[in-house]
Amino acid sequence: MSRGFLTSLAAMIVILAALPLTVSLFGLVQATMFIAMATLALSQGFIWGYGGIMSFGQSAFFGLGGYVYAVAAINMGSSTAPFLLAIVLPAAFAALLGYFMFYGRISDAYIGVITLTVTVILFNFANSTAGDVWHIGQAALGGFNGIPSVPPLNMPGHPDMPLDPAQLYGVAAVLLVLVYVLLKGLLASRFGRVVVAIRENETRAMLLGYDPRLYKTLTFTLGGGIAGLAGCLFTNWGGFVSPTVFGLQEAAQAIIFVLLGGLGTLIGPILGAVAVEYLITIIGTQETINANLMLGVILLVFVLLVPKGVLPSLEALGHRISLGRSCATQQAKAEARP
């Protein structure tokens, strides 16, 4: 394990553990939403920054996770199986979509178009499910009104013991840390090294005997499952899910999180998601500035001025400062010699 990873992990654990002691219950509820969006950012950062797959459709898997959990929880009465389904079904859908895209040898530009199209289709379909005819078991889909009163996560095997907001925050925080550690360990494994090698030079990896289609499909599948987990947490945060989870705003935000935090990192997208969501929350409390307009301005500024993202830029700056100090020290030693 690298020193940077251990430092980031320790800082993440300390901050997440300290929040319940330093903020109000309302702040803890907001932090739960930040964690859900940070998990979505991790899925985008993994498949794009390391897999080289530019997907405009992570909100599709995010929304599927939310809807699958809501429908299953209403019908089953317990949250254990719905929680697992909210991860498995989006992952399965991502695997199916990825199979047709990567084994069909579709170019990167068209992959972005296809994932965006899937997101738009799901958004329009969810919006058109109003009326009593649109239901799955006891769960009415509700069209643009969404599904209200979604049962919260409960203690495994105890449907009569739902988690309170503080407990939900704890579960979300633990899951975020676990996903971060899982992805970091996966990238350090042989599978992760092959995925990065394919991103760098797909033809060379193919000549070495690796099948880029398989590795890209598996990467895309894992990203879909993590996005589904984020959607499940987001639905539990509000107790409600609507077609807006499939919206273009959610799709754009996942990309902005990664661009802001830094492409090719895992901690960067987390920081980007928290920063953007906190800024949107602050702007939303006043009526003078439109939050979406401000989000667009932020994206434009960072793409033009900090194209690599905040974290890689800070790392590069630190490296330059360290190198400058080293050169200055060596020069001073050289001048001190007789």
Side-chain angles (χ1 to χ4, degrees), residues 1-19 31 34-55 58 61-62 65 87-88 90-91 94-95 98 170-200 205 210 212 214-233 254-255 257-276 308-316 318-319:
M1 293 291 182
S2 67
R3 181 180 300 177
F5 164 69
L6 294 177
T7 302
S8 300
L9 180 61
M12 186 187 303
I13 292 175
V14 169
I15 292 172
L16 291 173
L19 270 181
F34 293 169
I35 289 175
M37 303 312 291
T39 307
L40 174 62
L42 267 181
S43 72
Q44 182 78 47
F46 173 66
I47 67 169
W48 185 18
Y50 294 94
I53 304 169
M54 179 50 180
S55 170
Q58 287 307 101
F61 312 121
F62 178 77
I87 301 173
V88 172
V171 170
V174 170
L175 289 173
L176 177 64
V177 172
L178 288 178
V179 170
Y180 175 69
V181 173
L182 168 67
L183 292 180
K184 201 69 176 180
L186 189 64
L187 290 170
S189 67
R190 178 176 175 271
F191 175 85
R193 293 194 294 270
V194 173
V195 167
V196 174
I198 292 172
R199 180 201 65 187
E200 295 296 325
Y210 299 106
L214 175 61
Y215 282 90
K216 283 188 173 184
T217 302
L218 293 176
T219 302
F220 195 65
T221 300
L222 181 57
I226 295 173
L229 170 63
C232 175
L233 294 176
I255 296 172
F257 296 156
V258 179
L259 288 176
L260 179 62
L263 191 63
T265 69
L266 290 180
I267 198 68
I270 295 176
L271 297 176
V274 173
V276 170
K308 293 183 179 180
V310 173
L311 194 60
S313 298
L314 290 177
E315 290 177 350
H319 179 69

*Evaluate the criterion side chain to side chain contact (heavy atoms under 4.5 Å, CB included) for residue pair Arg199 and Tyr215; output intermediate values, then yes/no.*
CA-CA 10 Å; Arg199 180 201 65 187; Tyr215 282 90; over 6 Å; no

*I would like to know whether Leu218 and Val195 meet side chain to side chain contact (heavy atoms under 4.5 Å, CB included); could you show each step before the answer?*
CA-CA 10 Å; Leu218 293 176; Val195 167; over 6 Å; no

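Atom CG of residue Leu214 and atom OG1 of residue Thr219 lie 9.0 Å apart, to the nearest 0.5 angstrom. Tyr50 OH to Leu187 CG: the interatomic distance, rounded to the nearest 0.5 Å, is 5.5 Å. Between the CD1 atom of Ile87 and the CG atom of Leu175 there is a distance of 7.5 Å, given to the nearest 0.5 Å. The distance from the CD1 atom of Ile226 to the OG1 atom of Thr221 is 11.0 Å, given to the nearest 0.5 Å. Separating the OG atom in Ser43 from the CH2 atom in Trp48 is a distance of 12.5 Å, to the nearest 0.5 Å.
Side-chain atoms of Gln58 never come within 3.5 Å of backbone atoms of Ala41 as a donor-acceptor pair (strictly under, hydrogens ignored). Between the Arg193 side chain and the Ala188 main chain, a donor and an acceptor come within less than 3.5 Å of each other.
A pairwise comparison of heavy atoms in Ile270 and Met12 identifies CD1-CE, 3.8 Å as the closest pair. In terms of heavy-atom proximity, Gly224 sits nearest to Ala94 at CA-CB, 4.0 Å. Residues Ser55 and Ile47 approach most closely at CB-CD1, 3.6 Å, considering heavy atoms.
Taking the six-membered ring for Trp, Tyr180 and Phe5 have ring centres closer than 6.0 Å.
Partner of Leu176 under the side-chain contact (heavy atoms from CB on, under 4.5 Å) criterion, out of Leu233, Ile35, Leu229: Ile35 alone.
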